[in-house]
Amino acid sequence: MNIYWDSFKTFFKIGIFTLGGGYAMIPLIEEEVVNKKQWVSKDEMLDLIAIAQSCPGVFAINIATFIGYKLNKTRGAIATTIGTALPSFLIILLIAIFFHQFEDNKVVAAMFRGIRPAVVALIAVPTFNLAKRAQLNKWTLWIPIVSALAIWLLGVSPIWIIIIAGLGGYIYGRIAV
């Protein structure tokens, strides 16, 4: 099968069935790209997630672009990026066109109240999986905890967390090696 069409379809499917943003996509991306298609390894996926999070822009688009580029350079990146973005674009377009017809509908409001807790779980599961694959231990577990608390309680910008973590990793790598 044509790799462009296959990668477009794969990421289009991921884009359609994901609620909750980029992090909620991680389990679907892993299932399709790591387990089924074997386009990237588990270790590569972990690195791609870190890179996609560190780059400006939408997480899901970043990771799709990186995977597409790995598959087939610029054309692969274009196929996966469009595949990821197109479902959201079409859904938002339809909602914008028809929103006034159901904005006060109690059934729709109830559905969204039910979806919210599920989205939290969709984000929590990849977080725990990432922690496990990042080989956190009793000596490194404090880093994500302190980072999350600094962002949540103190309002520290995630950009500073990324910069400090990157510098810390670089310094540690220079000292430990």
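If you read the sequence from its start, that first residue is 1, and numbering goes on from there.
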Enquirer: Check which hydrophobic residues are tied to W139 through side-chain heavy-atom contacts below 4.5 Å, counting indirect links as well, and list them.
Expert: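 Noted: W139 shares its cluster with no other residue.
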Enquirer: Only counting residues at least two apart or in another chain, list the ones meeting ring pair (Phe, Tyr, Trp, His ring centres under 6.0 Å) with F8.
Expert: W5, F12
Enquirer: Would you please name every residue forming a side-chain contact (heavy atoms from CB on, under 4.5 Å) with I91, sequence neighbours left out?
Expert: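 Here the qualifying residues are I95.
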Enquirer: Connecting only ILVMFWY residues whose side-chain heavy atoms lie within less than 4.5 Å of each other, what is the rest of W142's hydrophobic cluster?
Expert: I143, V146
Enquirer: Quick one: which of K37, K9, K13 gives a side chain to side chain donor-acceptor pair (under 3.5 Å) with E32?
Expert: K13
Enquirer: Residues in side-chain hydrogen bond (donor to acceptor under 3.5 Å, both in side chains) with S41, at least two apart?
Expert: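 E44.
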Enquirer: Taking only residues two or more places apart in sequence or in another chain, which ones pass salt bridge (charged side-chain N to carboxylate O under 4.0 Å, His left out) with E30?
Expert: R133
Enquirer: Quick one: side-chain hydrogen bond (donor to acceptor under 3.5 Å, both in side chains) partners of N35, sequence neighbours excluded?
Expert: E31
Enquirer: Among residues at least two apart in sequence or on other chains, which ones pass side-chain hydrogen bond (donor to acceptor under 3.5 Å, both in side chains) with T140?
Expert: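 For T140, the residues satisfying side-chain hydrogen bond (donor to acceptor under 3.5 Å, both in side chains) (neighbours in sequence not counted) are N137.
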Enquirer: List for me each residue that meets salt bridge (charged side-chain N to carboxylate O under 4.0 Å, His left out) alongside K132, sequence neighbours excluded, and say none if there are none.
Expert: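 K132 satisfies salt bridge (charged side-chain N to carboxylate O under 4.0 Å, His left out) with no residue once adjacent residues are dropped.
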Enquirer: How would you list, by chain and number, every residue that makes a salt bridge (charged side-chain N to carboxylate O under 4.0 Å, His left out) with K42, sequence neighbours excluded?
Expert: none
Enquirer: Rest of the hydrophobic cluster containing I61 (Ile/Leu/Val/Met/Phe/Trp/Tyr, side-chain heavy atoms under 4.5 Å)?
Expert: V58
Enquirer: Using links of under 4.5 Å between side-chain heavy atoms of ILVMFWY residues, direct or through other members, which residues join F128 in one cluster?
Expert: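 Once heavy-atom contacts under 4.5 Å are chained together, F128 still belongs with nothing else.
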